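Note that the structure is a prediction, hence the values are computed from the model and not measured. The figures here come from the full heavy-atom set of this structure, side chains too, leaving out hydrogens, waters and symmetry mates. Indexing begins at 1, ligand by ligand and atom by atom, following the structure's order.
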Amino acid sequence: MLSNQYSIQQVKDIIKADGDIINDDAISILLTDSRRITNAADGLFFALSGRRNGHAFIAEAYAAGVRNFVVKQGPEIKLPSANFLIVPDVLTALQQLATYHRERFDLEVIGVTGSNGKTIVKEWLYQLFAIDKNVVRNPKSYNSQIGVPLSVWQITEKNDLGIFEAGISMPGEMGRLKEIIKPSIGVLTHLGPAHNEGFEDFKDKIREKLKLFVGCKLVIYNYDQVTPFKDEIVADKCFTWSRTFRQADLYVFSETVISKSYYLRAIYNEQEIECLVPFTDQASVENAVTCWATMLAMGCSAVEADKRIERLSAVSMRLELKTGTNDCSVIDDSYNSDIQSLEIALNFLNQQNQHKKRTLILSDIFQSGLPEDVLYAQVADLVKSKSIDRFIGVGEALMKRQEMIQLADKHFFADTNALLAQLQNLRFRDETILIKGSRSFEFERISRLLSQKNHETVMEINLNALLNNLNYYKAKLKPGVKVMAMVKAFSYGSGTFELANMLQYNKVDYLAVAYVDEGVSLRQTGITVPIVVMNTEYSAFEKMVEYKLQPVMYSFALLDEFVKYAQLNEVSSYPVHIKIDTGMHRLGFEDFEIDTLCDMLEINKYIRVTSVFSHLVASDAAEHDGFTSIQISRFEAAFKKIEEALGYTVIKHLCNTSGITRWPAAQYDMVRLGIGLYGVDAAISPTDNGLQPIASLKTSVSQVRKVIAGDTVGYSRKGMMADNGKIATVRIGYADGYLRAFGNGVGKMLVNGSLAPTIGNISMDMTMIDVTGIPVEEGDEVIIFNNVYRIEELATQIGTIPYEILTNISQRVKRVYFYE
Ligand SMILES: *Cc1c(COP(=O)(O)O)cnc(C)c1O
């Protein structure tokens, strides 16, 4: 029996559940998301109630083959031969089971917490210790109330070290995580005032975090940061590091940048020791020193610690989704490989609907803690359950187990070079390709060949931030209120099917586009949720009907035309949406037209009115609140008449992004969420970090030159150097959407941490910035905007609104989507 296999009877006892056991099955896999079921037969499904109520998804999980469930209530309909373990709180049960599992092993466990750097420090400690230990750790940043139990569940008797990070967002949470992780050694990473939401203040949150360390025999922390909380760290022994306090166990007294490395000297045990960190940014250095201190505290020699730290490699927890060559999409996860992150990446692959065919390029997996046959049997199961069409395996271990992969279309190569030599012959075309490899396989070489050429200016889109923003607004909705996500104009410039796909997967009720063509291209890339077209062209009815797009009716002329079209083409009860003009004066029926409209709708069998809506002109602006109230009452009067005439109720919707928060009483049955999804909301202070900007626009420096006072820069001699200085030419211009209005010092770009103003006129493809006094080299990254230097600020610089900045970014700027 594998060490994480339990019989249902055992589980029932451990979590003290009620309910009859029909079959005493054995389970080994914990499932919490019905959309992501693998190895259903060995799975135990926890019906957690979150935003997606877990119980509603029991049927989905059952259909996928799951027969064992932990629930709060039994299901309403009878599901044959399934076990239901009934508990008062499903999350608690999950945690109890993990706690029990953890207690069976007496391995050394490092618990990592802090405000920033938890995942990096956890991953780096893994890189440092995995050289001579069998380490188990959280997949990615699975550090929550659900993530930690799932992580701890992976412990087997093969492991001799556990490294688990813990993150919290509410009081009381760390106590629970501590019970599950039971660390013997504690590591505290950087403390920053990140978000204190849910806590009284910063101190209150730190105190909660420190609960992880209660009872540890050793705790490692930065003395300089922890001074106010020292007394709250209760441990047998503390190991401190500091840049100022000579009595710290590790006193760092000298720091120098040597080309791309960072050279540290310190006093430890009254000896001078040194360490070379292969990164130079402050956050990485601090994380590396935390790891250095941890190694020393755990008894590693200074020489060995230095040797290992010098070889640390960058941690990338993110999957990148890019446009590939030959109409492919490439998901790049070429930096780490273990069975859990493989599953996460396969789920992401599975969510992609833009191509029918799905291909996995996978390397051997190292350090799994499992016997190879068991490991690759799990890989084979995953390949099967995630509907992969083509499998490309690289490495000796996969090579030996070719027959385990049950696919006709499979290829194996001994190493990456062998695959690269055959890459042409594999003929990738119109497919989604997941590239997933252990670091030593250097799969980034494959990814570079399969991705479209990168011309250095990219807009990065953070899909996690998109989801965060969606959930941020969902939490503000009254129960039952639906969401229409506005994805017009290439999702406000941020993408096309990539975003729509993510929104569809996360169950928005409607998507909305401006024109028929936009809807057609979404349908062609696998989007199946209802799509509303705001401004249907008469000439596009046929396409609209063919692709099942739902038009907005905003005038008698359009209604007439469409009804005629429907008569001729034998279309009936076609879903349409009625737009009322309550004050915008853009599109829609006005007050005085409503009665006539009602007469027309009453007798019309060609269409069915699905919704009635209007649009607020200034939902974000307090000075127009009086007018917004008038719009609301006009809207109410209109939809009441229409519903009466129709004899059935329709979906009523009025609020755009800012309306959702400022006018909750006007949420009606649905809201239309636009710019908020992309992380901007004029009604919310940018310091409220509940919303996250999803887009970063980056480019790079192509040349740096010295200029002397009196020289001019760029077209028309507009950029006059007042003093001797230095300028950098960067790879973005007005054709990319960096408007000419930003020229001549109006706009600024972020280079190596400093803001550099533009100088002279913006050119079509290039811009010059004044980098006098800023260390800059050719090839350095230049940030036009990101989640810190925000789009709102750019909008202010040129006197426009964030909407315009975003939608102006030209389609030639490559979009890269990432998901962590
Ligand atoms: C674009 C649009 C929205 C979304 O507005 P935001 O301010 O971006 O949330 C809502 N309704 C209609 C009709 C729109 O055209």
Side-chain angles (χ1 to χ4, degrees), residues 466 469-470 472-474 476-477 481-495 499-500 503 508-516 518-519 522 530-537 549-555 558 576-590 610-621 624 628 631-632 634-635 638-639 651-664 666-684 686 690-691 693-695 791-792 795 800-808:
L466 177 78
N469 299 342
L470 176 63
Y472 176 88
Y473 286 101
K474 276 189 176 170
K476 294 189 185 295
L477 297 182
V481 174
K482 295 181 189 318
V483 176
M484 178 184 287
M486 308 304 287
V487 294
K488 58 195 182 194
F490 298 106
S491 294
Y492 290 45
S494 298
L499 299 194
L503 293 166
V508 299
D509 302 280
Y510 284 86
L511 293 173
V513 294
Y515 297 104
V516 168
E518 296 175 74
L522 290 181
I531 297 177
V532 173
V533 180
M534 289 289 156
N535 200 342
T536 298
E537 312 89 314
L549 308 172
Q550 306 182 3
V552 166
M553 292 295 145
Y554 54 79
S555 70
L558 175 60
V576 303
H577 303 262
I578 303 284
K579 185 163 196 183
I580 309 296
D581 178 9
T582 55
M584 174 76 92
H585 297 337
R586 190 169 71 179
L587 294 177
F589 294 96
E590 292 189 53
T610 305
S611 87
V612 173
F613 73 104
S614 184
H615 196 25
L616 296 174
V617 303
S619 60
D620 58 327
H624 297 302
T628 303
Q631 283 197 281
I632 292 175
R634 285 179 185 158
F635 178 57
F639 73 67
I651 300 174
K652 297 165 282 291
H653 47 118
L654 181 62
C655 287
N656 64 338
T657 295
S658 297
I660 296 172
T661 35
R662 295 198 67 242
W663 297 91
Q667 290 176 358
Y668 300 105
D669 308 311
M670 181 154 78
V671 295
R672 297 185 308 275
L673 181 55
I675 194 107
L677 274 176
Y678 310 100
V680 178
D681 184 343
I684 290 174
L691 271 192
I694 72 164
I791 208 155
E792 288 94 327
T800 183
I801 50 174
Y803 299 72
E804 197 183 17
I805 304 273
L806 270 176
T807 52
N808 259 319

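When ring centroids are compared, Tyr668 and Phe613 stay outside the 6.0 Å threshold. Aromatic ring centres of His577 and Tyr510: separated by under 6.0 Å.
The salt bridge (charged side-chain N to carboxylate O under 4.0 Å, His left out) search around Arg634 returns none, not counting sequence neighbours. In terms of the side chain to side chain donor-acceptor pair (under 3.5 Å) criterion, Asn469 has no residue partners (sequence neighbours excluded). When the side chain to side chain donor-acceptor pair (under 3.5 Å) test is applied to His615, the partners found at least two apart in sequence or on another chain are Arg672.
Listed by chain and number, residues touching ligand 1 at under 4.0 Å (heavy atoms only) are Met486, Lys488, Tyr492, Met534, Lys579, Arg586, His615, Asn656, Thr657, Arg672, Gly674, Ile675, Tyr803.
Looking only at distances, no side-chain donor or acceptor of Ser491 sits under 3.5 Å from a matching main-chain atom of Ser494.
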